[in-house]
Amino acid sequence: MSLPNELVFSGRKQDLNTLKMFVTVDLAYSHEIGTSYREFDGDNETETITTACQSVVSISAYGKNAMALMLKLRTLLQSSSCLDAFRAENWGLLSCSDVRNLSTTVAYDYEERGQMDLTITHEHSVIALLFRTQAVDIHPNSQSISINKETKR
């Protein structure tokens, strides 16, 4: 299933009133699964922190045939090609919610709306810079110990 890029965007986008049909995709929430793990790269002085996440993504369709589009999308998300695309991004599709009919009357006109949530697993990684300590001065004979670090990058 292919939709034009100009009709698929975040629901937080402003000024949607000019479009008759469109689809929105938004992250509803995300939570950590287990604990993050860290990988140190001494050559590049970086640490990569990776967190396994479970997230819920909300997909909504607006306009003519919105419900039919969402029903078709729910089925296509379980196709081999779609699951392969998810795997290529290191995502996993855990579940698709029921498709909800949210059709309503807007400004004296009927607008068809359909909505569903996807529960996915994925990894989120952040690379943090670590600075090598070049020298440390410790003065144990004073009342308190002072440590002076000199860092270079």
Side-chain angles (χ1 to χ4, degrees), residues 1-19 21-63 65-103 112-140 144-153:
M1 187 163 122
S2 177
L3 296 172
N5 286 340
E6 62 272 7
L7 296 180
V8 179
F9 41 78
S10 170
R12 289 162 178 68
K13 181 179 168 112
Q14 305 298 323
D15 194 22
L16 301 176
N17 298 331
T18 60
L19 300 173
M21 298 184 307
F22 58 93
V23 174
T24 63
V25 180
D26 288 298
L27 176 66
Y29 60 88
S30 181
H31 68 271
E32 184 176 357
I33 303 170
T35 57
S36 299
Y37 63 91
R38 298 182 317 267
E39 185 177 321
F40 175 69
D41 180 355
D43 293 336
N44 293 313
E45 297 182 33
T46 60
E47 177 182 49
T48 303
I49 305 103
T50 303
T51 303
C53 299
Q54 181 174 317
S55 299
V56 173
V57 176
S58 180
I59 302 175
S60 300
Y62 300 83
N65 296 321
M67 282 297 295
L69 177 69
M70 295 305 294
L71 292 167
K72 185 176 182 179
L73 177 61
R74 182 182 60 190
T75 301
L76 286 174
L77 283 168
Q78 298 174 55
S79 70
S80 295
S81 61
C82 188
L83 293 175
D84 288 345
F86 272 59
R87 267 189 231 100
E89 296 294 327
N90 290 322
W91 298 348
L93 178 62
L94 295 180
S95 66
C96 296
S97 74
D98 294 337
V99 175
R100 294 178 287 281
N101 185 347
L102 303 176
S103 300
E112 191 172 347
R113 297 178 181 181
Q115 196 268 335
M116 73 173 169
D117 296 327
L118 307 180
T119 303
I120 62 171
T121 58
H122 60 96
E123 288 186 342
H124 183 75
S125 295
V126 175
I127 298 174
L129 296 176
L130 298 176
F131 299 103
R132 182 179 324 150
T133 301
Q134 298 294 333
V136 177
D137 295 327
I138 301 174
H139 305 284
S144 63
I145 297 174
S146 65
I147 300 173
N148 298 316
K149 290 185 180 180
E150 187 179 312
T151 57
K152 291 186 180 176
R153 183 99 168 97

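Positions are given from 1 along the sequence. Every value quoted in this text rests on a predicted model; they were computed, and no experiment measured them.
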Trainee: Enter the distance from S55:OG to I33:CD1 here, rounded to the nearest 0.5 Å.
Mentor: 8.0 Å
Trainee: For the residue pair N65 and E112, what are the closest heavy atoms and their distance?
Mentor: N-OE1, 3.3 Å
Trainee: Does M70 form a side-chain contact (heavy atoms from CB on, under 4.5 Å) with L102? I'd like the steps, not just the answer.
Mentor: CA-CA 12 Å; M70 295 305 294; L102 303 176; over 6 Å; no
Trainee: Under the ring-ring contact (aromatic ring centres under 6.0 Å, His included) definition, can you give me all pairs with a residue in residues 68-89, not counting sequence neighbours?
Mentor: F86-W91
Trainee: Compare every heavy atom of C82 with every heavy atom of L76, then report the nearest pair and how far apart it is.
Mentor: O-CB, 3.4 Å
Trainee: If you measure from CD1 on I49 to OG1 on T35, what distance do you get to the nearest 0.5 Å?
Mentor: 13.0 Å
Trainee: Any idea which heavy atoms bring I59 and L118 closest together, and the distance?
Mentor: CD1-CD1, 3.6 Å
Trainee: Counting only heavy atoms not in I127, do more than 12 fall under 6.0 Å of its CD1?
Mentor: no
Trainee: Which residues pass the salt bridge (charged side-chain N to carboxylate O under 4.0 Å, His left out) test with D43, sequence neighbours left out?
Mentor: none
Trainee: Do M21 and L69 make a side-chain contact, defined as non-hydrogen atoms from C-beta onward lying under 4.5 Å apart?
Mentor: no
Trainee: Of all residues at least two apart in sequence or in a different chain, which pass the side chain to side chain donor-acceptor pair (under 3.5 Å) check with H124?
Mentor: none
Trainee: Search all heavy atoms of Q78 against all heavy atoms of L83 and return the closest pair with its distance.
Mentor: O-CD1, 3.7 Å
Trainee: What's the shortest heavy-atom distance between M67 and G114, and which atoms?
Mentor: SD-CA, 3.7 Å
Trainee: Let's go through E89 and H122 carefully: what are the C-alpha distance in whole Å and the side-chain angles of both, what is the deciding distance for side-chain contact (heavy atoms from CB on, under 4.5 Å) to 0.1 Å, and is it a yes or a no?
Mentor: CA-CA 8 Å; E89 296 294 327; H122 60 96; over 6 Å; no
Trainee: Only one of V25, T119, D26 passes side-chain contact (heavy atoms from CB on, under 4.5 Å) with V57; say which it is.
Mentor: V25
Trainee: Looking only at heavy atoms, what is the nearest atom pair of A66 and A61, with distance?
Mentor: CB-O, 3.5 Å
Trainee: What's the spacing between E123 CD and T50 OG1 if we round to 0.5 Å?
Mentor: 6.0 Å
Trainee: Taking side chain to side chain donor-acceptor pair (under 3.5 Å) as the test, write out the residues that go with R100, two or more places apart.
Mentor: S97, Q115, D117
Trainee: Provide the full list of ring-ring contact (aromatic ring centres under 6.0 Å, His included) pairs with a residue in residues 25-44, sequence neighbours left out, each pair given once.
Mentor: none
Trainee: Quick one: pull up CD1 in I120 and CG in L27 and give me the separation to the nearest 0.5 Å.
Mentor: 8.0 Å
Trainee: Does a sphere of radius 6.0 Å around CD in E32 hold more than 12 heavy atoms from other residues, nucleotides or ligands, not counting ones at 6.0 Å or beyond?
Mentor: yes
Trainee: Got a sec, which residues hit side chain to side chain donor-acceptor pair (under 3.5 Å) with D98, two or more places apart in sequence or on another chain?
Mentor: none
